[in-house]
Trainee: 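The structure under discussion is supplied below as structure tokens; questions concerning it will follow.
The analysis underlying the following values was restricted to heavy atoms, covering all of them including side chains, and did not include hydrogens, waters or symmetry mates.
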Amino acid sequence: MLDWSVPHCILCLRLIGIAWDYYDGNNFNNNKISEDMKATRISTPPTLFEMTGFCYFFGGVLVGPQFSIRRYQSLVDGTLQDKDIDRSSSIQAGLQRFFFGIVYLVLFVVFNFSFNKNHFLSEWFENISLLHRFWFFIWFYEVMYMKYLGLFLVSEGCCIITGLGYNGKTEEGKPKWDAVSNIRIISYETSYSIQQIIQSFHLQTSLWIVRYVYKRAKFLGNRILSLAIAQFFLAVWHGVQPGYFFLFFCQFMIIVFERSVLTIWELLQWKKVSEMPVYVQIIVKPLLYLWSHMLMGYGSAPLALLYLDKIHKVGMLTYYAPFIAITTWITIIYPYVVLPRLGSRKPLAKVN
């Protein structure tokens with residue numbers, strides 16, 4: 001959902017981040033924290049002017065991106081950027097992201113009428129075939145997230161033009177402006193796995209969650225439990241409607257499902273998709289693309305529907321098939337049938 005409450009959600013993360021950064025900068029055991037935490041920690045509290053400017057910075061107050069107060073302070077005092085960079089390149093890079101953002105917003109306006117959430121509750125959705133319903137999930141997901149992509153890119157363009165997006169130089173000496181990038185457009189549009197989608201979308205919020213929630217749960221000694229806590233935090237952060245909790249629970253299940261499949265892939269020592277012959281990739285990649293985006297669409301439907309009665313109606317029309325299949329795989333088939341048969345094999349590499 002994108003409404004008046006979104007800026008308050010952004011502000012909430014800003015303030016939590018400042019609290020953790022100040023804690024990291026004054027914790028006697030701060031040498032045990034990760035390198036990215038060391039890069040954002042502060043030893044003194046920000047001034048009132050710094051707090052106000054950081055929280056309500058025009059480039060990120062509406063939908064993000066998230067960035068640390070230390071980066072903002074460096075921008076204000078002039079130490080963020082190298083003195084010899086060509087500032088005109090930031091204008092070019094910012095306007096380019098702004099342009100792509102406008103393109104996504106136009107596409108959303110054009111296609112939203114045909115693929116919006118209201119179709120889930122219509123007679124048309126009840127009368128189409130089951131396969132057609134899953135096909136609709138794919139296009140619903142693509143169109144719904146166009147508005148997020150568009151607003152992310154417009155905001156990112158503003159941040160780049162101000163200089164906040166400076167990220168050092170390339171090997172050729174050209175300035176990079178992707179420090180606050182929230183979306184990798186090409187990678188996102190060509191992703192054929194859940195992991196690729198996650199690593200290409202909502203980047204700064206994902207980094208924030210990793211730094212301030214996921215890694216803080218490291219003491220539990222269980223990555224799956226840390227992931228569950230992070231997903232629960234995201235649900236609470238979004239709101240109290242059931243749809244938010246369904247959304248992040250579904251995403252949690254989908255992530256665990258894909259990780260288990262990748263583990264099997266490694267144990268069987270099969271080639272990665274990118275290493276397969278081209279004629280095989282031409283067949284496999286589109287199928288994986290449709291599969292992963294269908295799962296993301298199915299998991300994202302609760303975000304649009306929000307309330308239990310609507311979510312249940314859509315679930316019944318799809319017989320809860322993806323949810324039942326993934327739950328059965330994770331809880332029964334994978335641990336008690338598949339893994340025992342592959343127990344003697346060793347994976348080629350650790351699956352993240």
Side-chain angles (χ1 to χ4, degrees), residues 1-6 8-9 108 111-149 193-194 197-198 201-202 205 209 224-225 227-261 289-335:
M1 296 291 291
L2 289 173
D3 54 26
W4 61 270
S5 66
V6 174
H8 296 79
C9 292
F108 171 74
F111 291 105
N112 184 53
F113 179 79
S114 301
F115 300 101
N116 62 60
K117 64 180 181 180
N118 295 328
H119 291 287
F120 286 126
L121 307 175
S122 66
E123 292 184 8
W124 170 83
F125 195 74
E126 295 179 4
N127 295 328
I128 60 177
S129 66
L130 181 62
L131 185 61
H132 193 176
R133 291 169 190 165
F134 287 125
W135 177 255
F136 181 80
F137 278 114
I138 298 173
W139 288 102
F140 162 75
Y141 168 76
E142 297 290 347
V143 174
M144 184 183 75
Y145 278 87
M146 284 178 180
K147 62 182 177 182
Y148 296 100
L149 299 177
S193 70
I194 304 299
I197 294 174
I198 293 174
F201 173 75
H202 228 325
T205 303
I209 292 296
I224 299 298
L225 185 57
L227 176 62
I229 292 174
Q231 295 294 103
F232 180 77
F233 174 87
L234 282 170
V236 174
W237 172 59
H238 275 75
V240 297
Q241 288 87 348
Y244 296 126
F245 293 88
F246 272 94
L247 165 68
F248 290 103
F249 179 72
C250 288
Q251 286 191 0
F252 170 76
M253 297 293 285
I254 292 170
I255 292 171
V256 174
F257 165 74
E258 184 173 84
R259 285 186 178 182
S260 68
V261 173
Y289 177 93
L290 295 175
W291 169 253
S292 59
H293 285 241
M294 185 278 293
L295 288 180
M296 289 298 291
Y298 189 83
S300 298
L303 173 63
L305 299 172
L306 287 181
Y307 298 101
L308 280 176
D309 55 337
K310 297 178 181 179
I311 297 170
H312 178 63
K313 180 178 180 179
V314 175
M316 290 298 293
L317 289 173
T318 57
Y319 307 103
Y320 286 100
F323 179 78
I324 293 174
I326 290 176
T327 302
T328 304
W329 169 269
I330 293 173
T331 58
I332 300 175
I333 299 177
Y334 176 68

Trainee: Nearest 0.5 Å, what's the CZ-CG distance between F245 and L234?
Mentor: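 Nearest 0.5 Å value for the CZ-CG distance: 11.0 Å.
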
Trainee: Any sub-3.5 Å donor-acceptor pair from S129's side-chain atoms to H132's backbone N or O?
Mentor: yes

Trainee: Tell me every residue that passes side chain to side chain contact (heavy atoms under 4.5 Å, CB included) with T327, counting only those two or more places apart in sequence or in another chain.
Mentor: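 Counting only residues at least two positions away or on another chain, T327 forms a side chain to side chain contact (heavy atoms under 4.5 Å, CB included) with M253, F323, T331.
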
Trainee: In this structure, are over 12 heavy atoms from other groups packed under 6.0 Å from W139 atom CH2?
Mentor: no

Trainee: side-chain contact (heavy atoms from CB on, under 4.5 Å), that's the test. Do F249 and Q231 meet it? Break it down for me.
Mentor: CA-CA 7 Å; F249 179 72; Q231 295 294 103; over 6 Å; no

Trainee: Are more than 12 heavy atoms from other residues, nucleotides or ligands located less than 6.0 Å from atom CZ of F125?
Mentor: yes

Trainee: Could you tell me the separation between the CE atom of M294 and the CZ atom of F134, rounded to the nearest 0.5 Å?
Mentor: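 Going from CE on M294 over to CZ on F134, the span is 6.0 Å.
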
Trainee: So, taking the atom named CG in N118 and the one named NZ in K310, what distance separates them when rounded to the nearest 0.5 Å?
Mentor: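 Here the rounded value is 8.0 Å.
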
Trainee: With the side chain counted from C-beta on, respond yes when Y244 and L306 share a heavy-atom pair under 4.5 Å apart, and no when they do not.
Mentor: yes

Trainee: Between I255 and L227, what is the shortest heavy-atom contact and its length?
Mentor: CG2-CD2, 3.9 Å

Trainee: I'd like to check the side chain to side chain contact (heavy atoms under 4.5 Å, CB included) partners of E258; sequence neighbours left out, ordered by chain and number.
Mentor: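 Only S193, I194, Q195, L262 meet the side chain to side chain contact (heavy atoms under 4.5 Å, CB included) criterion with E258.
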
Trainee: Between the main-chain N or O of S114 and the side-chain N or O of H119, is there a donor-acceptor pair closer than 3.5 Å?
Mentor: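 Answer holds: yes.
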
Trainee: Is there a side-chain contact between Y298 and I326, using heavy atoms and a 4.5 Å cut-off?
Mentor: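 No, every pair of side-chain atoms sits at 4.5 Å or beyond.
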
Trainee: Where is the tightest heavy-atom contact between F136 and N116, given as atom of each residue plus distance?
Mentor: CZ-O, 3.8 Å

Trainee: Can you find a heavy atom in the side chain of L131 that is under 4.5 Å from one in the side chain of W135?
Mentor: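 A side-chain contact is absent here, since even the closest heavy-atom pair is not under 4.5 Å.
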
Trainee: With a 4.5 Å heavy-atom cut-off, do I198 and Q251 have their side chains touching?
Mentor: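 A side-chain contact is absent here, since even the closest heavy-atom pair is not under 4.5 Å.
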
Trainee: Could you state the interatomic distance from NZ (K117) to OG (S300), rounded to the nearest 0.5 Å?
Mentor: 13.5 Å

Trainee: Looking at A304 and F140, what are the two nearest heavy atoms and their distance?
Mentor: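 Reported closest heavy-atom pair: CB-CZ, 3.7 Å.
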
Trainee: Hey, what do you get for OG1 (T328) to OH (Y334), rounding to the nearest 0.5 Å?
Mentor: 16.0 Å

Trainee: Do other residues, nucleotides or ligands put more than 12 heavy atoms under 6.0 Å from W329 CH2?
Mentor: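 Enclosed: over 12 neighbouring heavy atoms sit under 6.0 Å from CH2 of W329.
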
Trainee: Taking the ring centre of each residue, are Y141 and F137 less than 6.0 Å apart?
Mentor: no

Trainee: Ring-plane angle category for Y145 and Y148, please: parallel below 30°, perpendicular beyond 60°, tilted otherwise.
Mentor: tilted

Trainee: Enter the distance from N112:CG to K147:NZ here, rounded to the nearest 0.5 Å.
Mentor: 7.0 Å

Trainee: Looking only at heavy atoms, what is the nearest atom pair of N127 and R133, with distance?
Mentor: N-NH2, 4.4 Å

Trainee: If you take all heavy atoms of I254 and L295, which pair is closest and at what distance?
Mentor: CD1-O, 3.4 Å

Trainee: Between Y320 and H312, is any side-chain donor less than 3.5 angstrom from a side-chain acceptor?
Mentor: yes

Trainee: Tell me if the aromatic rings of F233 and F248 count as close, with their centers under 6.0 Å from one another.
Mentor: no

Trainee: Could you go step by step and tell me if F232 and V236 meet the side-chain contact (heavy atoms from CB on, under 4.5 Å) rule?
Mentor: CA-CA 6 Å; F232 180 77; V236 174; 3.7 Å; yes

Trainee: Is the shortest side-chain heavy-atom distance between L130 and Y319 below 4.5 Å?
Mentor: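 They are in side-chain contact.
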
Trainee: L247 and G299: which non-hydrogen atoms are nearest, and at how many Å?
Mentor: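 Smallest heavy-atom distance, with atoms named: CD1-O, 3.2 Å.
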
